[in-house]
Amino acid sequence: MNHIYPLIPGLPLLAFLINITLGKKFIRDKAHLVSIPLLTASWALAMWTVFEVMHGRTYDGDLYTWVVSGSFKVSVGFLIDQLTAAMLVVVTTVGLLVHLYSAGYMHGDKGFYRFYAYLGLFVFSMLMLIMSNNFLQLYFGWEAVGLCSYFLIGFWYEKKSASDAGKKAFIVNRFGDFGFGLGIMLIFLTFGSLHYGTVFGAAGGIAGRTIDILGRPVGLPTVIALLLFAGAMGKSAQFPLHVWLPDAMEGPTPVSALIHAATMVTAGVFMVSRCSPIFNLSPTAMGFVAVIGAFTALFAATIALTQNDIKRVIAYSTISQLGYMVLACGVGAYGAGVFHLFTHGFFKALLFLCAGSVMHAMSGELDIWKMGGLKKYMPVTYWTFLLASISISGIPPFAGFFSKDEILGMAFASGPLGKFLWAVGAFTALLTAFYSFRVVFVAFHGKFRGTHEQEHHLHESPKSMTIPLMVLAVGAVAGGWIGIPSSLSGLFGLGHIDLVGPFLGAVVGEPHFHQALSTEYLLMGTSVLLGFLGVLLAAYMYIWNPELPGVIARVFRPAYLLSWNKYYVDEFYDRTVIRPTLWVARNVIVGVTDGKWIEGVVNGVPAAIGRFGRVLRKIQSGVVQDYADMMALGVFAFVAAILIIFIK
């Protein structure tokens, strides 16, 4: 079996190489005919690998030696276990469906071949990240997905907003990745290896060890965990490094689905789960992770309440849902976090691709207030979007309910802090249902509010786009049924069918949280009730009393403006980071360092040589009298020197 593992990431890489080298001249608008078969083969191999893992056949081995320098030795290798298998399902399935969908969505784009080349590279990078068996290979995939996000977010680089968004994503992630890189260096200095097996096997030995930081002892596991988590805060868009993700909407919509559901943003949650043996050693780091996750979930949800751009609402929804996953990791429920990552991959990809279907029919329009009544024109898009919205709202028996409820239950049982975090997460669930159905009711119900020309051209998307929607809808509905908890399965006489906890627990462990069955039912009922309440509030405000949102916005104008302007976080960064950096760049680096010092040397040395040369040129004037004068001067100087020596 081990000989097929390199093919899983290798086939998307081959698709990239073919399209990027031959696409412009030969393949052009047929690039999907190269990428889709190769991605399909990669998906098939991934599913076979998952099947093997489900039957207990795991693998940890090296393909070849990559770097050797003294005691530093790293190979390119693969770790195939239960956590890898879960990620393989999400990455390859969503990646393949995005490839299929893009054939219709991107048809006619002049960069069609380039788009498919970048998609292949993106999938390759993420697969290398999740399949790696060492930290250096993980870091390679980590940075490669960041590079691909830059390529794809700024795909339409002629548009300034798109090129700026690509740069923003790349630069913001540099802040988090700096800490992530330091964490990997500290791991090597501590353990003498970057191989997962060696590091995690020896992790228990550093419990209680400290290092001095500014003269104060700090727990070594805490430092390593927080440095690693800095990278996760960037990749998984956790506050305060979340600002790049909403702007990533400038890329083509299939890119949004791929980034938000299957690749870049899931990398942080995966990495924290993979490194659970290190995080478990530091209650301080775990508490920090949990609080950041809960705060991010609530913070992003409150912003989504007021946004009118359909893709930005879904983008802030992604940030909020990632907060749930990070919260789960922070309370030690890594399996629940990965389970939510799994279900989220389906309903979030579905939401984005449905938004792309709407844009396709509306000639690129994004404002939900210029839509309305789309239900009758786009039935497939409407029903699939509705199913995804029900799922993300945590309403049973849809997929999002099982994974989100698992996180909230684990948080409540984890201790006093966990009970507070449960309250934050439960309230966020209400907001999630509200803003999700706000989009449903405003965009798909009521009367059409766009132009007559837009209404005339409204139509359902082609099958190349709607079939992936229907496939994802199945996952959004049933993707959570593999993780039905024992409390529910016993209630309905289903038997114990929770396959997620034991499956992922083999890698990340199962939290030892226990609570009364009555408490579980109470928590479950509360979260479901809040989900329904959010839906009813959205219906009350946007169907039965459509004037009410405007009244609330006027009455609570300061709070509304805070949400509308995303709490001015971008403006804060502009004044405290961007403007000072540009000032230093222009006035110090360019004006002084480059303009005076470097240019002074670069231009000054040639100028001095030129002046010296002009003096020397007089020696070679070609005039005999000048040569005679120089000879006489030389003889005089020679005689004078002899006389001075003789007199002494």
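What's counted below: heavy atoms across the whole structure, side chains too, no hydrogens, waters or symmetry copies. Along the sequence shown, residues are numbered consecutively beginning with 1.
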(message) Less than 4.5 Å apart, side chain to side chain, heavy atoms only: is that true for Val326 and Thr296?
(response) no
(message) Under the criterion side chain to side chain contact (heavy atoms under 4.5 Å, CB included), I'd like the reasoning laid out for Gln515 against Leu523: C-alpha separation, chi angles, the key distance, then a yes or no.
(response) CA-CA 11 Å; Gln515 54 192 356; Leu523 296 176; 3.8 Å; yes
(message) Tell me if the CZ atom of Phe427 is crowded by more than 12 foreign heavy atoms within 6.0 Å.
(response) no
(request) For a ring pair (Phe, Tyr, Trp, His ring centres under 6.0 Å) with Phe155, tell me which candidate from Tyr150, Phe122, Phe115 qualifies. (result) Phe115
(message) Between Arg174 and Glu143, does any side-chain N to carboxylate O distance fall below 4.0 Å?
(response) yes
(message) Classify the ring geometry of Phe239 against His242: parallel below 30°, tilted from 30° to 60°, perpendicular beyond 60°.
(response) parallel
(message) Under a 3.5 Å distance rule, please check whether Trp244 uses its side chain to pair with a backbone N or O of Gly234 as donor and acceptor.
(response) yes
(request) For side chain to side chain donor-acceptor pair (under 3.5 Å), just list the numbers for Thr253 and Lys311, CA-CA rounded to whole Å, side-chain angles, deciding distance to a tenth of an Å, and then say yes or no. (result) CA-CA 8 Å; Thr253 300; Lys311 288 178 65 177; 3.3 Å; yes
(request) Could you check whether the rings of Tyr118 and Phe151 sit parallel, tilted or perpendicular, using 30° and 60° as the cut-offs? (result) parallel
(request) For Ser75 and Gly77, indicate whether the former's side chain and the latter's backbone hold a donor-acceptor pair under 3.5 Å. (result) no
(request) Heavy atoms only: give me the nearest Leu194-Ile184 pair and the separation to one decimal. (result) CD2-O, 3.6 Å
(request) Check whether the side chains of His340 and Gln321 place a donor and an acceptor atom closer than 3.5 Å, and report yes or no. (result) yes
(request) Going by the ring pair (Phe, Tyr, Trp, His ring centres under 6.0 Å) test, name the single residue among Phe295, Phe299, Phe572 that passes it with Tyr567. (result) Phe299
(request) May I ask you to test the Phe140-Trp66 pair for a side-chain heavy-atom distance under 4.5 Å? (result) yes
(request) Just say parallel, tilted or perpendicular for the rings of His55 and Phe51, cut-offs at 30° and 60°. (result) tilted
(request) Step through the shown structure and confirm whether more than 12 heavy atoms of other residues, nucleotides or ligands are within 6.0 Å of CZ on Phe72. (result) yes
(request) Any chance you could measure Leu39, atom CG, to Thr92, atom OG1, to the nearest 0.5 Å? (result) 9.0 Å
(message) Within this structure, what is the CG-OG1 distance for the pair Asn133 and Thr198, rounded to the nearest 0.5 Å?
(response) 9.5 Å
(request) Determine whether Ile153 and Lys167 make a side-chain contact, defined as any pair of heavy atoms from C-beta on separated by less than 4.5 Å. (result) no
(request) Would you check if the side chain of Ser42 reaches a backbone N or O of Pro12 as a donor-acceptor pair within less than 3.5 Å? (result) no
(request) Heavy atoms only: give me the nearest Tyr324-Gly425 pair and the separation to one decimal. (result) OH-O, 2.5 Å
(request) Would you name the heavy atoms of Ser193 and Val199 that are closest together and state the gap between them? (result) O-CG2, 3.4 Å
(message) Could you walk me through whether Ile482 and Phe339 satisfy the side chain to side chain contact (heavy atoms under 4.5 Å, CB included) test, starting with their C-alpha distance in whole Å, then the side-chain angles of each, then the deciding distance to 0.1 Å, before giving a yes or no?
(response) CA-CA 10 Å; Ile482 61 173; Phe339 183 29; 4.3 Å; yes
(message) Using side-chain heavy atoms (C-beta onward) and a distance below 4.5 Å, is Thr210 in contact with Leu220?
(response) no
(message) What I'd like to find out is whether the side chain of Thr432 reaches to under 4.5 Å of the side chain of Tyr435, using heavy atoms alone.
(response) yes
(message) Set out, in order, the CA-CA distance, both residues' side-chain angles and the distance that settles side chain to side chain contact (heavy atoms under 4.5 Å, CB included) for Ile80 and Thr58, then state yes or no.
(response) CA-CA 5 Å; Ile80 308 298; Thr58 59; 5.7 Å; no
(request) Take Arg274 and Asp81 through the salt bridge (Lys or Arg N to Asp or Glu O under 4.0 Å) test and state the conclusion after the steps. (result) CA-CA 11 Å; Arg274 176 61 80 194; Asp81 59 10; 2.7 Å; yes
(message) Taking the six-membered ring of Tyr573 as reference, does the cationic atom of Arg575 (NZ for Lys, CZ for Arg) lie under 6.0 Å from its centre and within 45° of its axis?
(response) no
(message) Quick check: do Lys404 and Thr343 have side-chain heavy atoms less than 4.5 Å from each other?
(response) no
(message) With a 3.5 Å distance limit and no angle check, can you tell me whether Asn280 reaches the backbone of Ser276 through a side-chain donor-acceptor pair?
(response) yes
(message) So, taking the atom named CG in Leu322 and the one named NE2 in His260, what distance separates them when rounded to the nearest 0.5 Å?
(response) 9.0 Å
(message) Could you tell me if the side chain of Pro246 sits less than 4.5 Å from the side chain of Lys566, heavy atoms only?
(response) no
(request) Could you tell me the separation between the CG atom of Leu353 and the OG atom of Ser256, rounded to the nearest 0.5 Å? (result) 9.0 Å
(message) I'd like to know if the side chain of Asn173 reaches the main chain of Ala169, judged simply by a donor and an acceptor atom lying under 3.5 Å from each other, with no hydrogens or angles considered.
(response) yes
(request) With side chain to side chain contact (heavy atoms under 4.5 Å, CB included) as the test, would you mind laying out the steps for Asp212 and Val218 before giving the verdict? (result) CA-CA 6 Å; Asp212 285 338; Val218 181; over 6 Å; no
(request) For Ser236 and Met233, indicate whether the former's side chain and the latter's backbone hold a donor-acceptor pair under 3.5 Å. (result) no
(message) Tell me whether Ser282 contacts the main-chain N or O of Ala285 through its side chain, where contact means a donor paired with an acceptor under 3.5 Å.
(response) yes
(request) Ignoring hydrogens and angles, tell me if any N or O in the side chain of Thr428 forms a donor-acceptor pair with the backbone of Val424 under 3.5 Å. (result) yes
(request) For atom CH2 of Trp43, decide whether the heavy atoms of other residues, nucleotides or ligands shown that lie under 6.0 angstrom number more than 12. (result) no
(message) Between Lys348 and Thr318, do the side chains contain a donor N or O and an acceptor N or O under 3.5 Å apart?
(response) yes
(message) Tell me the closest heavy-atom pair linking Pro9 and Phe78, and the distance in Å.
(response) CG-CE2, 4.2 Å
(request) Look at the side chain of Ser132 and the backbone N and O of Gln137, then say whether any donor-acceptor pair between them is shorter than 3.5 Å. (result) no
(message) Minimum heavy-atom separation for Phe342 and Phe346, please, with both atom names.
(response) O-CD1, 3.3 Å
(request) Heavy atoms only: give me the nearest Leu245-Ala237 pair and the separation to one decimal. (result) CD2-CB, 3.7 Å
(request) Report yes or no: does Ser391 contribute a side-chain atom to a donor-acceptor pair with the main-chain N or O of Ala388 at less than 3.5 Å? (result) no
(request) Measure the CZ-CZ distance between Phe279 and Phe229 for me, rounded to the nearest 0.5 Å. (result) 7.0 Å
(request) Flag the pair Leu417 / Val331 as yes when at least one side-chain heavy-atom distance between them is below 4.5 Å, and no otherwise. (result) no
(message) Nearest 0.5 Å, please: how far is CD1 in Ile278 from CZ in Phe191?
(response) 5.5 Å
(request) Tell me yes or no: between the side chains of Tyr316 and Thr302, is some donor less than 3.5 Å from an acceptor? (result) no
(request) For ring-ring contact (aromatic ring centres under 6.0 Å, His included), just list the numbers for Tyr5 and Tyr59, CA-CA rounded to whole Å, side-chain angles, deciding distance to a tenth of an Å, and then say yes or no. (result) CA-CA 10 Å; Tyr5 299 141; Tyr59 174 79; 5.1 Å; yes
(message) Check this for me: does any side-chain nitrogen of one of Lys73 and Asp62 sit under 4.0 Å from a carboxylate oxygen of the other?
(response) no
(request) For atom CZ of Phe175, decide whether the heavy atoms of other residues, nucleotides or ligands shown that lie under 6.0 angstrom number more than 12. (result) no
(request) Would you tell me whether Asp164 and Tyr157 have side-chain atoms, one donor and one acceptor, within less than 3.5 Å of each other? (result) no
